[in-house]
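Read through the structure below, which is laid out as structure tokens, and then see the notes.
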Amino acid sequence: AGNGILGLQQSGNSNTIPAMTLYNSGSTTLTAQYIVSPSAGVCPGINDTIDITVFPTPNALANPASQIICSGDTFSIALSSAVNGASFSWTPTPNANISGASAGSGLSIADTLFNAALSDDSLHYVITPTANGCPGDPIDAYVVVRPNAVISPINDTTVCELQTIGPFNFNPTPQNTSIAWQSSNPNFMTPSSGTGNIPSFSVPANTGSNQITTQLILTPTYQGCVGINDTINLFVNPTPSVTNLPLSQTLCSNGPTQSVVFSSQVNGTSFQWDSLFASPLISGGLNGGNDSIPSHTLSSTNNTLDSISYWVLPSAAGCVGDTAVYTFFISPLPIIVATADDTLCSGSSTQNINFSSNVSGTTYAWNATASSVNLSGFTPSGTGGIPSYTAINTDQQVQSITYVVTPSANGCNGPNDTIVFFVQPAAIAVASPSTQTLCDSATSLPILATSTTNNVSFSWSLLAGNGILGLQQSGNSNTI
């Protein structure tokens with residue numbers, strides 16, 4: 001019985017069944033049986049049987065036989081055969097662009113493949129089935145591996161507020177790669193997401209103290225395969241402003257200013273300043289400089305409040321802020337219209353003294369100092385004008401009262417004025433002899449007038465004659 005085996009010899013008359021090439025075209029194991037009949041002469045012997053088993057040649061089926069995956073993905077190929085119990089081994093054909101493939105055996109192939117090229121590439125697996133020690137014909141399976149799309153790098157960008165940024169034109173590989181992008185800060189741009197290139201747009205205002213930032217997350221997709229994300233960091237530097245308050249100071253003419261150290265809400269701000277406006281009556285102004293305005297002395301010849309201004313320009317990290325104006329107000333110094341010194345006699349009264357100045361609204365404070373404790377009648381201090389007073393000098397010498405007058409206007413004291421009153425003492429005359437007794441027709445002794453006061457002159461006159469003849473009536477000397 002052949003049981004479907006092909007290539008069997010049907011019969012023969014020899015002691016040898018020749019070698020045969022046998023074929024089993026089915027999927028199950030087949031067995032052929034030969035009956036061998038011996039004979040000796042005309043006598044038949046006892047038959048024998050020979051069994052020949054022929055295993056089928058296993059086939060291999062790969063499912064799927066070809067597929068497309070993305071770089072970095074894991075694929076799976078299920079292996080099967082019409083012959084029960086078949087096993088499989090496989091070998092990948094080397095490809096320098098594709099990594100991750102490995103040879104193996106089993107009932108399925110599963111590898112994670114990576115395509116280092118910038119275009120589609122494929123890997124070829126040769127799969128060989130084996131059953132009952134019989135190898136089958138190898139088959140091929142193919143895996144097309146798409147590359148990871150990449151985007152040419154774009155540098156991070158830093159700008160100042162409200163400036164235009166972009167456009168951002170992407171150059172992905174492979175061609176026909178689409179780009180999806182998303183802003184991590186939805187308030188940075190409108191719209192905050194999209195696809196394709198990004199046109200130019202204006203960045204938001206930044207009046208704070210820190211950068212406004214966003215990260216553009218770029219996702220390339222090629223033929224359904226998502227590539228490696230790229231990012232672009234965008235920064236908007238804050239615009240600095242001058243935060244000094246107040247932006248002014250007031251000082252007296254001829255006085256030093258306080259140094260001005262400028263401040264800003266942005267760390268690291270530098271400042272440039274220069275003269276903006278100055279009254280022609282002001283001297284001592286500065287031409288300009290950087291950072292702080294140093295202390296300097298300003299003088300004004302104006303009789304009213306005057307000013308000098310400086311513009312101040314802040315800048316930080318290349319961003320220039322708005323110009324501020326810092327002003328120094330200079331109050332004039334009041335100058336008293338001088339009052340002349342005077343001389344008066346002890347016991348006489350002065351006139352009221354009223355002061356005037358070049359500055360409207362000037363007030364006056366004064367102090368009086370006597371040259372001797374023998375002077376009295378004056379007020380030692382006061383404000384406003386000096387009222388009339390009666391000076392008494394009980395000394396025998398000329399003494400003085402010195403007034404130091406300080407003018408003040410808008411908190412500024414002007415130069416002092418000094419007024420001196422010289423008070424003459426009251427001279428006391430001493431006549432010697434003070435009395436005489438004479439006979440009729442006798443000559444009197446000369447009468448000499450003296451005084452303890454220096455530089456005294458004398459005059460005399462007859463007070464009462466009472467009938468005495470020969471009396472002198474008056475004279476202007478120290479002798480009668």
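Values below: every heavy atom of this structure, side chains too, minus hydrogens, waters and symmetry copies. Fair warning: this is a prediction, and the values are worked out from it, not measured in the lab.
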Inset, instruction - Determine whether the side chains of Asn185 and Ser183 contain a donor N or O and an acceptor N or O closer than 3.5 Å. - result: no
Inset, instruction - Establish, from distance only, whether the side-chain atoms of Gln265 and Thr243 form a donor-acceptor pair under 3.5 Å. - result: no
Inset, instruction - Determine the minimum heavy-atom distance between Asp230 and Ile154, stating which atoms define it. - result: OD2-N, 4.4 Å
Inset, instruction - For Asn97 and Asp121, work out which heavy atoms get closest and say how close. - result: ND2-OD2, 3.0 Å
Inset, instruction - Report the relative orientation of the aromatic rings in Tyr310 and Trp273; use parallel for angles under 30°, tilted for 30 to 60°, perpendicular for over 60°. - result: perpendicular
Legend entry - Distance in Å, Ile353 CD1 paired with Asp342 CG, rounded so as to fall on 0.5 Å steps: 8.0 Å
Inset, instruction - Determine whether the side chains of Ser200 and Thr164 contain a donor N or O and an acceptor N or O closer than 3.5 Å. - result: no
Inset, instruction - Using distance alone, with no hydrogens and no angle criterion, decide if Thr406 and Asn413 have a side-chain donor and acceptor under 3.5 Å apart. - result: no
Inset, instruction - Taking Asn352 for its side chain and Ser388 for its backbone only, find out whether a donor-acceptor pair lies under 3.5 Å. - result: yes
Inset, instruction - Kindly assign one of parallel, tilted or perpendicular to the pair Phe201 and Phe168, based on the angle between their ring planes and the thresholds 30° and 60°. - result: tilted
Legend entry - Side-chain (Asn206) to main-chain (Val236) donor-acceptor, under 3.5 angstrom: yes
Inset, instruction - Answer with yes or no whether the side chains of Ser259 and Ser292 bring together a donor and an acceptor at under 3.5 Å. - result: no
Legend entry - Closest approach of Ser241 to Ser264 (non-hydrogen atoms, all atoms of both residues): O-OG, 3.0 Å
Legend entry - Test item: Ser71 side-chain N/O and Asn115 main-chain N/O as donor-acceptor pair under 3.5 Å: yes
Inset, instruction - Report yes if some heavy atom in the side chain of Gln182 is under 4.5 Å from a heavy atom in the side chain of Ser192; otherwise report no. - result: yes
Legend entry - Check: Asn244 side chain, Ser263 main-chain N or O, donor-acceptor pair, under 3.5 Å: yes
Inset, instruction - Say whether Asp73 and Thr112, considering side chains only, have a donor N or O and an acceptor N or O under 3.5 Å apart. - result: no
Inset, instruction - Look at the side chain of Ser434 and the backbone N and O of Ala431, then say whether any donor-acceptor pair between them is shorter than 3.5 Å. - result: no
Inset, instruction - Without swapping roles, check the side chain of His296 against the backbone of Pro294 for a donor-acceptor pair under 3.5 Å. - result: yes
Legend entry - Within 6.0 Å of CG in Asp322, more than 12 heavy atoms from elsewhere: no
Legend entry - Check: Gln249/Tyr326 side-chain N/O donor and acceptor closer than 3.5 Å: yes
Inset, instruction - Classify the ring geometry between Tyr403 and Tyr389 as parallel (under 30°), tilted (30 to 60°) or perpendicular (over 60°). - result: tilted
Legend entry - Side chain proximity check, Tyr364 to Ser357, heavy atoms < 4.5 angstrom: yes
Legend entry - Shortest non-hydrogen contact between Cys412 and Leu333, atoms and distance: CB-CD2, 4.0 Å
Inset, instruction - Verify the distance criterion only: is there a donor paired with an acceptor across the side chains of Ser299 and Asn254 at less than 3.5 Å? - result: yes
Inset, instruction - Give a yes-or-no answer on whether the side chains of Gln436 and Ser444 include a donor-acceptor pair shorter than 3.5 Å. - result: no
Legend entry - Nearest-0.5 Å distance that lies between atom CD in Gln472 and atom OG in Ser461: 12.5 Å
Inset, instruction - For Ser295 and Gln258, test the side chains for any donor-to-acceptor distance below 3.5 angstrom and give the result as yes or no. - result: no
Inset, instruction - Answer yes or no: is there a donor N or O on one side and an acceptor on the other, between the side chain of Asn358 and the main chain of Asn303, under 3.5 Å? - result: no
Inset, instruction - Tell me yes or no: between the side chains of Asn290 and Gln272, is some donor less than 3.5 Å from an acceptor? - result: no
Inset, instruction - Classify the side-chain pair Asn374/Asn393 by whether it contains a donor and acceptor separated by less than 3.5 Å. - result: no
Inset, instruction - Return the minimal non-hydrogen interatomic distance between Cys319 and Asn237, and the atom names on each side. - result: SG-CB, 3.6 Å
Inset, instruction - Starting at SG of Cys252, measure out to CG of Leu298 and round the result to the nearest 0.5 Å. - result: 11.5 Å
Legend entry - Thr158 side, atom OG1; Phe235 side, atom CZ - distance, nearest 0.5 Å: 5.5 Å
Legend entry - Gap between atom OG1 of Thr301 and atom CG of Leu281 - 0.5 Å precision: 4.0 Å
Inset, instruction - Examine distances only and state if a side-chain atom of Thr327 and a backbone atom of Ser248 form a donor-acceptor pair shorter than 3.5 Å. - result: no
Inset, instruction - Identify the two heavy atoms, one from Ala426 and one from Ser346, that lie closest to each other, and give their separation to 0.1 Å. - result: N-CB, 4.0 Å
Legend entry - Pairwise side-chain contact, Leu313 with Val320, heavy-atom cut-off 4.5 Å (strictly under): yes
Legend entry - Interatomic distance, Thr195 atom OG1 to Phe170 atom CZ [nearest 0.5 angstrom]: 10.5 Å
Inset, instruction - For Asn148 and Tyr222, test the side chains for any donor-to-acceptor distance below 3.5 angstrom and give the result as yes or no. - result: no
